[in-house]
Amino acid sequence: MIEIIPNLRHDINKPLYIQIYEYFKEEILNRKITAGTRLPSHRKLAEHLQVSRNTIELAYQQLLTEGYAESKPKKGLYAADVSYDVMKRKQESFCITAKQKIPAISYDFSQGHVDASVFPLTIWKRITTDCLYTNEERWFTAEDPQGEPELRSELCQYLYHSRGVVCSPDQIVFGAGTQYLLWLLIQLIGTDDEYAMENPGFHRVRAMLQSSSLSVSYIDLDEQGIHVASLQKTNAKTVYITPSHQFPYGMIMPLARRLELLQWANERNGYIIEDDYDGEFRYVGKPIPALQGLDTNERVIYFGTFSKAFLPSVRMSYMILPPALLKIYKERGTIYKQTVSKLHQLTMYHFMKDGHWHRHLSRIRTLYKKKQKALIAAIERYMGNHTEIIGSQSGLHIVLDVKNGMAEEQLIHTAAQYKVKVYPVSLYYADSSPFLSRILIGFGGLTEQEIEEAILLLNKAWFASEE
Ligand SMILES: Cc1ncc(COP(=O)(O)O)c(C=O)c1O
């Protein structure tokens, strides 16, 4: 019998039969189980995995239906020859490679790209060099585990004035990215109580919650953001949300919903993790202050990052701990080392203090606003009747619903044939992918002209037959 070691997880929302089916599918596709190999009988596998025979039956049915296994009368189930499926899967995959004769990408709508042309690289380099010379003694001393104090003071002032965040520099903890900070936060909150996150939501946060062996509830959205009535039905005490610009759908949580959430956290004695990843960008109406500033009961943990408004590669993010969690953090002493380079921190401090941060922000706000306008105008001009734009009031991306009958994978694949890279939305759903005719379009890294050219190509890719 095959050595079966699928790592079945009982602490996640995915049914066991799906987990077993997915395990076999991957093994067969990767040829770890070769074509013609007999799969274990229902009885043996059920005993081996300590699950019901019904669960195995459902998993095997799925493999049969999708052609990954074949049934031989009176003999059992055998792994199918999937050479065709492998080709098909590769061609339809989101990771399109040159080998597959798909044209190289000319226009990349990645939501993670920022505009390199206006990035103040010369200033950043100069300040980095200055820092190296003027802080010589500091390169040989220990770093502050929370982040260099002068940077925390500078950030504290900026956050108060621009995002309405109320804190002291002592509450700020820097870290190399949102995932790391979330990990650190989980160490402080603990793993006994349940967690929740918006669904769809940021996949990297989901991955971190899942890998921390937590019990996680995934809460649906409505047009105002996370659905508080559904959250109330769970036992969660900590919830992760993106209220300024829901990721990926982009809705801005109105005040009433924010207050409802704060009340939920008060009643539960719980916490709200507010990820304000691109709160700097708001194109319509007045900026909405961060939820953290509304919180009078120390229930919000504010997460911010320099990845969107500055540069993703510097890996500089931060969280603001409410007093109770700060106390736990301090009690642990210096066990958690700082993960952001002192050089980058001090460079950022001078960059902010000398006014460059402010200038950079106002420049990119104007620039991204123009890009977003160009994107929406181009979509409306070329395919307005057949598409719907979702979440266009802020941020660096939109979601586009394409009404041509194609599913997400096909939309991505046909766009790639025209050298345009667009991104899936299904990735952000916790449950098995729903049918989506939507894709994610980030506009930070393309010029207005490139945006126009790319949308014209997308129109050809998706609606050519209607011309
Ligand atoms: C929802 C969300 N949060 C946070 C981040 C930033 O992550 P990091 O701070 O690790 O760069 C991103 C970047 O894409 C994001 O989309």
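All residue numbers in this chain count up from 1 along the given sequence. Counting starts at 1 for both ligands and their atoms, in listed order.
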Of the non-hydrogen atoms in R359 and D354, which two are nearest, and what is the gap between them? NH2-O, 3.3 Å
Counting heavy atoms only, which of Q179, K308, H245, H397 is nearest atom 13 (C) of ligand 1? K308
Could you tell me the residue and atom name of the protein heavy atom closest to atom 3 (N) of ligand 1, and the distance to it rounded to 0.1 Å? D275 OD2, 2.6 Å
Could you check atom 7 (O) of ligand 1 against the protein and tell me its nearest heavy-atom contact, residue, atom and distance included? T178 OG1, 3.2 Å
Proximal ligand 1 atoms for R315, defined as those under 4.0 Å from one of its heavy atoms: 8 (P), 10 (O), 11 (O)
Considering the options V300, I301, N297, which one meets the side-chain contact (heavy atoms from CB on, under 4.5 Å) requirement together with P322? I301
Quick check on contacts: which atoms of ligand 1 are under 4.0 angstrom from a heavy atom of S307? 8 (P), 9 (O), 11 (O)
With a sphere of 6.0 Å drawn around CD of Q449, does it hold more than 12 non-hydrogen atoms of other residues, nucleotides or ligands? no
Any sub-3.5 Å donor-acceptor pair from Y368's side-chain atoms to D115's backbone N or O? yes
Please determine which of E450, K419, E453 meets the side chain to side chain donor-acceptor pair (under 3.5 Å) test together with Y107. E453
Nearest to atom 12 (C) of ligand 1, what protein heavy atom do you find, and at what distance? F202 CZ, 3.5 Å
Work out which heavy atom in T414 is nearest to a heavy atom in A461; give both atom names and the distance. O-CB, 3.6 Å
Does S317, backbone or side chain, put an N or O under 3.5 Å from an N or O of ligand 1? yes
contact_flag R204 ligand 1 heavy-atom lt 4.0 Å: no
